[in-house]
Q: 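Starting off with a structure, shown below.
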Amino acid sequence: MERTYEPTPSPAPSPDIRQFLATQLNPPQMDAVSHGDGPLLILAGAGSGKTRVIAYRIAYIIRERQIPPWQILAVTFTNKAARELTHRVTELTGEDQARQVRMGTFHGLCARFLRSEIELLSRRYDRNFTIYDTDDQLRVLKRQFAEAGLNPKLVSPNAVLGAIGRLKDRLVSPAQAASASEAHNPFETAVATLYRRYQDALEAANAVDFGDLINLMLQLLENFPDVRQRYANRYRHVLVDEYQDVNEAQYRLVKAIAGDHRNLTVVGDDSQAIYGWRGADVRYILQFEQDFAECTTVRLEQNYRSTQTILVAAQAIEAGLTKRHAKELWTANRKGDPITGVVAGNETDEAQFVIREIDRLVVTGIAYRQIAILYRTNAQSRVLEEQLVRRRLPFQMVGGTRFYDRREIKEVIAYLHLLVNPYDADAFRRAGATRKGLGDTTIDKFVAWAAETSRPVVDGLISLLRAEATERPAPLINGAVEPDLDERSGVLGPLPWNRRAHELLLAYARDLDALITGLRTLSLPDLLDLLLKRTGFREYLLEHRDDNGEERWDNVQELKSVVTEYGASGADEGLRLFLENAALVSDADTIRAGPRDDVVTLMTLHTAKGLEFPAVFIVGMEEGIFPHSRALEEGNIDEERRLCYVGITRAMQSLYLVGCRSRSFRGMFVENDPSRFLRELPGELVRWVDGNGFRLDAARVMAMQSGAWPGHGASRAAGYWGGGTATGSPPNGSLPPVDPNRPPPPGAPTPIRPWSGQATRVGGPSASRQPSSGPSGLGIPNIREFNGPAPTPLRPGLENISGLRRASDLTPGIGRAQTPPAPPAPPSPTYGLDERVRHPSFGDGTVIEIEPGRGTEVMIQVKFDTVGVKKLSTGLAPLTRIP
DNA sequence: GGAGCTCTTGTTTTT
DNA sequence: CAAGAGCTCC
């Protein structure tokens with residue numbers, strides 16, 4: 001096929017489309033959406049309608065430019081984002097077209113591409129490759145420690161796995177890692193050795209890890225020009241979301257596909273780059289204008305999400321960054337309430353404050369689902385969970401331990417993996433370990449035997465069965481099976497295990513054989529049933545495991561309900577789809593609550609990226625927790641700062657930043673200083689309270705801002721406030737007054753690291769698998785059909801208070817919307833007296849009073865049938881009319 | 001091979 | 001503190 005990359009002349013949008021877009025988008029958004037061919041950089045501040053712009057742009061390319069949808073490739077980082085984008089594009093173009101657009105995550109898309117291409121790349125892989133997750137990786141790696149005679153106590157396998165991951169992010173091969181330039185100390189030498197072995201083990205198992213998904217695809221594109229041409233030709237329009245989070249491999253992947261035609265749109269915000277630890281490099285977005293010199297840059301600087309107060313606070317944190325793209329967010333939203341800064345006593349007080357405050361918010365008409373509690377580390381969720389359960393507040397945790405990471409689930413899935421990928425030795429071991437009587441010794445012997453005789457593990461096992469089925473059962477000589485068991489496929493050779501082990505292996509083989517047959521004849525749910533029954537999995541869990549056997553069995557039952565959703569296709573195809581999902585999909589993606597569930601959401605700050613909530617609590621605002629001690633040690637404060645920026649900008653109306661003086665972990669009490677991020681908040685924006693909600697007096701606020709928890713040893717606080725100003729180094733290693741650009745003082749105590757802990761999760765995967773818009777539903781405007789312009793839902797009365805507009809005001813053509821375009825906030829519904837309404841928490845009720853609230857807010861009083869009279873804001877309360 | 005015990009150790013974020 | 005590794009004993 002001839003490939004030419006002449007830019008299609010970009011026709012001026014037809015007037016009606018342009019007119020319609022003008023009602024939906026502000027001018028810079030419109031510029032981005034209607035940009036023609038060639039590279040486009042969209043710098044999209046928090047809450048500036050980024051996803052909306054991508055969705056509209058895809059729709060625009062299809063509808064207006066008449067590009068076939070299958071020529072469009074849209075890449076995201078998370079499944080959540082991919083799903084949201086699919087959802088929005090579907091609303092704009094209809095299902096038929098949207099389905100043809102190739103949308104997905106980097107990893108998901110690469111997995112998909114590799115299924116059809118990987119055999120070109122190396123004969124060591126085939127299309128049935130298994131995707132190993134972190135747990136699988138670690139198992140394989142630990143085995144390499146043993147085989148290489150390395151002591152896992154001297155070098156931590158986790159650290160080595162991290163190092164290998166980072167090498168892969170930078171496209172460093174095992175051979176390169178072993179070279180002098182990479183390995184210049186004992187650790188790196190060990191890493192190089194283990195990396196080589198690890199990679200060999202993966203290849204032998206026909207398995208790839210997350211890094212391989214990207215890197216193998218890249219190799220394919222870079223080493224096979226015809227393949228690259230094929231992809232570049234097919235995907236004539238490439239869009240990449242969260243571009244600030246790409247690593248080198250991903251960057252080169254994008255370039256390999258879009259480098260020729262250059263129809264590349266990247267969207268991102270360098271202030272929200274929070275994945276440096278995963279190899280992401282902000283540099284790529286900062287350099288986009290050099291990489292693609294002819295690119296057009298559009299800045300989306302109008303924030304539709306947050307109050308001015310919240311935005312200004314976020315910018316105060318952002319201001320401490322050492323480098324960033326020039327970009328100034330502004331909002332036409334109201335000033336809003338002050339931020340609440342909370343000084344609690346300990347982590348229980350912290351949790352109790354949050355809960356009391358949630359109670360209060362709910363009384364004012366906020367629904368549980370409009371509230372999020374965010375924390376730096378998953379371990380912090382535990383106290384919150386305990387208290388929430390105690391107070392019977394409905395909540396969901398997003399993330400934490402993945403459902404598919406549970407041991408019993410991994411064990412069942414290991415069996416399933418074996419049916420698809422007979423080379424998967426790790427799955428063989430894992431499934432084998434659940435079989436009564438089969439121990440490591442026999443399994444090791446078997447795996448070694450299979451490797452020596454060049455048999456995939458499953459084939460080797462089945463061959464035992466075949467040999468047994470011949471006329472001559474295996475006689476034993478000196479406890480070993482007779483060496484020359486003959487069958488059509490050849491001689492098995494000496495089998496180095498005893499009769500008892502042999503019987504156990506045969507039973508394993510019979511089970512797998514039956515399952516392989518089942519793969520052809522049964523539905524996927526039935527196949528799983530057969531698996532559980534034949535292997536006696538329930539008995540194994542109940543007898544064999546800890547006291548939680550019942551609970552574990554319940555989890556397996558959950559797995560059955562998940563699998564049912566893949567039952568439409570045949571077991572074989574359904575199984576492949578299911579396994580791919582199990583490897584690539586996190587709980588954050590599957591366990592998303594449907595819009596019906598009125599629950600408070602708990603998650604990490606990282607997980608919260610891309611979401612928004614009317615009320616947000618960020619807890620653990622302490623040095624060592626947030627910013628995290630490890631980041632402090634490594635001098636990575638910028639990334640923590642960006643994470644804080646992300647957290648703050650999740651909030652639409654109410655923001656609480658909560659920290660505590662002391663916290664117990666590992667059985668000890670530790671005291672951290674207040675987070676620098678707390679202290680950097682502009683004082684006039686914050687209402688400071690203690691854990692009981694009582695206002696802090698001025699002296700205590702000042703103490704707080706100087707780096708000490710107020711009220712904690714009054715003398716201590718008074719001590720360095722005696723002089724009236726906070727210059728000089730305070731005693732006790734407390735931090736000096738706010739100066740975002742200053743590194744921590746040399747004398748600062750080493751912050752104590754947070755402890756780890758297992759976060760338990762509520763709800764199973766089936767609890768909420770229905771597609772949903774997530775908890776952010778409230779703030780996302782309805783997207784109307786392209787061809788059916790709807791009246792613009794002007795948000796009533798969002799007057800620009802107090803002249804807080806930013807520099808963008810002065811920049812011609814940027815960020816200034818004459819008519820505020822459809823802001824991402826729902827129009828406040830109006831209600832009439834005596835109207836019947838429904839609230840997700842309070843039930844049904846009757847409107848008995850309507851009165852003006854703050855600003856343009858309208859407050860109504862509703863007499864609920866069961867809970868009495870409540871005063872609610874029509875803009876915020878999730879009310880629906882009952883006909 | 002496996003149960004039950006003590007000891008060590010490791011602590012971020014996720015595709 | 002809790003999970004995992006390592007040890008002993010059956």
Side-chain angles (χ1 to χ4, degrees), chain A residues 75-82 104-111 131-134 137-139 142 145-146 151-153 156-159 162 165 168-169 208-214 242 245-247 249-250 273-280 374-380 382 398-402 405 407 433 435-443 498 500-501 504 543-546 580-581 583-589 603-609 620 624-634 636 639-640 642-643 646-647 664-668 752-760:
Chain A
V75 193
T76 64
F77 273 86
T78 64
N79 296 294
K80 185 174 66 192
T105 64
F106 269 104
H107 297 272
L109 290 166
C110 284
I131 301 169
Y132 276 5
D133 64 22
T134 314
Q137 289 177 280
L138 205 57
R139 281 168 60 97
K142 282 178 179 169
F145 268 79
N151 184 352
K153 281 180 187 161
S156 135
N158 263 316
K168 288 192 175 185
D169 289 334
V208 303
D209 63 19
F210 291 128
D212 290 340
L213 283 173
I214 311 291
E242 307 279 17
D245 287 333
V246 295
N247 65 24
Q250 290 158 336
I274 54 176
Y275 286 106
W277 53 274
R278 218 167 71 181
L374 310 181
Y375 34 80
R376 179 68 234 280
T377 67
N378 279 305
Q380 287 168 261
R382 241 181 69 192
V398 181
T401 317
R402 244 174 39 122
D405 284 342
R407 187 160 164 186
R435 305 184 64 89
K436 201 173 173 80
L438 250 194
D440 287 345
T441 320
T442 304
I443 290 180
N498 63 28
R500 180 173 172 272
L504 290 163
E543 294 163 17
H544 225 344
R545 258 300 141 55
D546 41 35
E580 190 118 326
N581 252 277
L584 293 177
V585 167
S586 71
D587 269 10
D589 305 310
M603 65 190 142
T604 65
L605 287 153
H606 282 86
T607 309
K609 184 154 83 155
I625 303 279
F626 188 32
H628 193 270
S629 55
R630 188 130 163 197
L632 291 172
E633 282 162 25
E634 291 166 6
N636 245 347
E639 186 146 312
E640 298 292 298
R642 291 189 293 258
L643 189 56
V646 167
S664 89
F665 51 83
R666 271 154 94 183
M668 292 184 303
I752 299 173
R753 297 184 200 161
W755 74 112
S756 73
Q758 213 44 49
T760 48

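Chain letters run A, B, ... following the sequence lines, proteins first, then strands; residues in each count from 1. All values reported here derive from a predicted model rather than from experimental measurement.
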Q: Side-chain N or O of A:T604 versus OP1/OP2 of B:dT14: is the shortest distance under 4.0 Å?
A: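 Yes, because at least one side-chain N or O of A:T604 sits under 4.0 Å from OP1 or OP2 of B:dT14.
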Q: With a 4.0 Å cutoff (strictly under), does any side-chain N or O of A:N378 reach OP1 or OP2 of B:dT12?
A: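 Checking A:N378 against B:dT12: no side-chain N or O falls below 4.0 Å of OP1 or OP2.
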Q: For A:I214 and B:dT15, what is the distance between atoms CD1 and C1' respectively, to the nearest whole Å?
A: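 Atom CD1 in A:I214 sits about 8 Å away from atom C1' in B:dT15.
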Q: Would you say the base of B:dT13 and the side-chain of A:R376 have a donor-acceptor pair closer than 3.5 Å?
A: yes
Q: Please check: side-chain N/O of A:H107 versus main-chain N/O of A:L213, any donor-acceptor pairing under 3.5 Å?
A: no
Q: Using the rule given for side-chain contact (heavy atoms from CB on, under 4.5 Å), can you reason through A:L504 versus A:T442, listing the C-alpha separation, both sets of side-chain angles and the distance that settles it, and then say yes or no?
A: CA-CA 9 Å; A:L504 290 163; A:T442 304; 5.9 Å; no
Q: Taking atom P in both B:dT13 and C:dG4, what distance in whole Å separates the two?
A: 15 Å
Q: Where the side chain of A:T442 is concerned, which of B:dT15, B:dT12, B:dG1 is the nearest nucleotide?
A: B:dG1
Q: Want to settle it: does A:G439 or A:A583 sit nearer the 5' end of DNA chain B, counting the closest nucleotide to each?
A: A:G439
Q: Counting distance only, does the side-chain N/O of A:N79 pair as donor-acceptor with the main-chain N or O of A:L584 below 3.5 Å?
A: yes
Q: To the nearest Å, give me how far apart OH (A:Y275) and P (B:dT15) are.
A: 6 Å
Q: With a 4.0 Å cutoff (strictly under), does any side-chain N or O of A:T607 reach OP1 or OP2 of B:dT13?
A: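 For B:dT13, neither OP1 nor OP2 has a side-chain N or O of A:T607 closer than 4.0 Å.
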Q: Using atom CZ of A:F77 as one end and atom P of B:dT14 as the other, report the distance to the nearest whole Å.
A: 15 Å
Q: Looking at A:R630 and A:E633, is there a salt bridge between them, counting it only when a charged N and a carboxylate O are closer than 4.0 Å?
A: no
Q: Could you state the CG-C1' distance from A:N581 to B:dT15, rounded to the nearest angstrom?
A: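 Those two atoms, CG and C1', are 13 Å apart.
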Q: Hey, does A:L438 reach any base, or is it just sugar-phosphate, or nothing, if we go heavy atoms under 4.0 Å?
A: sugar-phosphate
Q: Using modelled atom types and a 3.5 Å cut-off, is there a donor and acceptor pairing between side-chain atoms of A:K168 and backbone atoms of A:F210?
A: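 The answer is no, because no donor-acceptor pair under 3.5 Å joins these two groups.
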Q: Determine the contact category for A:F210: base if any of its heavy atoms lies under 4.0 Å from a base atom, sugar-phosphate if only primed atoms, P, OP1 or OP2 are that close, otherwise nothing.
A: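 Contact class for A:F210: base.
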Q: For A:N158, answer base if it contacts any base atom (sugar-phosphate contacts may also be present), sugar-phosphate if it contacts only those atoms, and nothing otherwise; contact means non-hydrogen atoms under 4.0 Å.
A: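 Contact class for A:N158: sugar-phosphate only.
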Q: Examine B:dG1: is either OP1 or OP2 under 4.0 Å from a nitrogen or oxygen in the side chain of A:T441? Give yes or no.
A: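 Checking B:dG1 against A:T441, a side-chain N or O does come within under 4.0 Å of OP1 or OP2.
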Q: Is there a side-chain polar atom (N or O) of A:R382 under 4.0 Å from OP1 or OP2 of C:dA2?
A: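 Affirmative; the distance criterion is met.
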Q: What pairs of nitrogen or oxygen atoms, one from the protein and one from nucleotides 4-8 of chain C, lie under 3.5 Å apart?
A:
from: C:dA5; atom 1: OP1; to: A:K142; atom 2: NZ; distance (Å): 3.0

Q: To the nearest Å, how far apart are A:Q137 CD and B:dT14 P?
A: 15 Å
Q: Is the closest basic N to carboxylate O distance between A:D169 and A:R278 below 4.0 Å?
A: no
Q: To the nearest angstrom, how far is A:R642 atom CZ from B:dT13 atom P?
A: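 Taking CZ of A:R642 and P of B:dT13, I get 18 Å after rounding.
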Q: With heavy atoms under 4.0 Å as the rule, sort A:S156 into base, sugar-phosphate or nothing.
A: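 Here A:S156 touches no strand at all.
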Q: Let me know, please, whether A:A631 or A:L504 comes out on the 5' side of the other along DNA chain B by nearest nucleotide.
A: A:L504
Q: Taking the minimum atom-to-atom distance to the side chain of A:H606, which one of B:dT15, B:dT14, B:dG1 wins?
A: B:dT14
Q: Nearest whole Å is fine: how far is B:dT13 P from A:I274 CD1?
A: 12 Å
Q: Got a salt bridge between A:D133 and A:R139, using NZ or NE/NH1/NH2 to carboxylate O under 4.0 Å?
A: no
Q: Applying the ring-ring contact (aromatic ring centres under 6.0 Å, His included) criterion to A:H606, which one of A:F77, A:Y375, A:Y275 satisfies it?
A: A:Y275
Q: Is there a stack between A:H628 and B:dT12, judged by ring centres under 5.5 Å and planes under 30°?
A: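 It does: the ring sits over the base of B:dT12.
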Q: Tell me whether A:E639 contacts the main-chain N or O of A:N636 through its side chain, where contact means a donor paired with an acceptor under 3.5 Å.
A: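 Absent.
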Q: CH2 of A:W277 versus P of B:dT14: gap in Å, rounded?
A: 6 Å
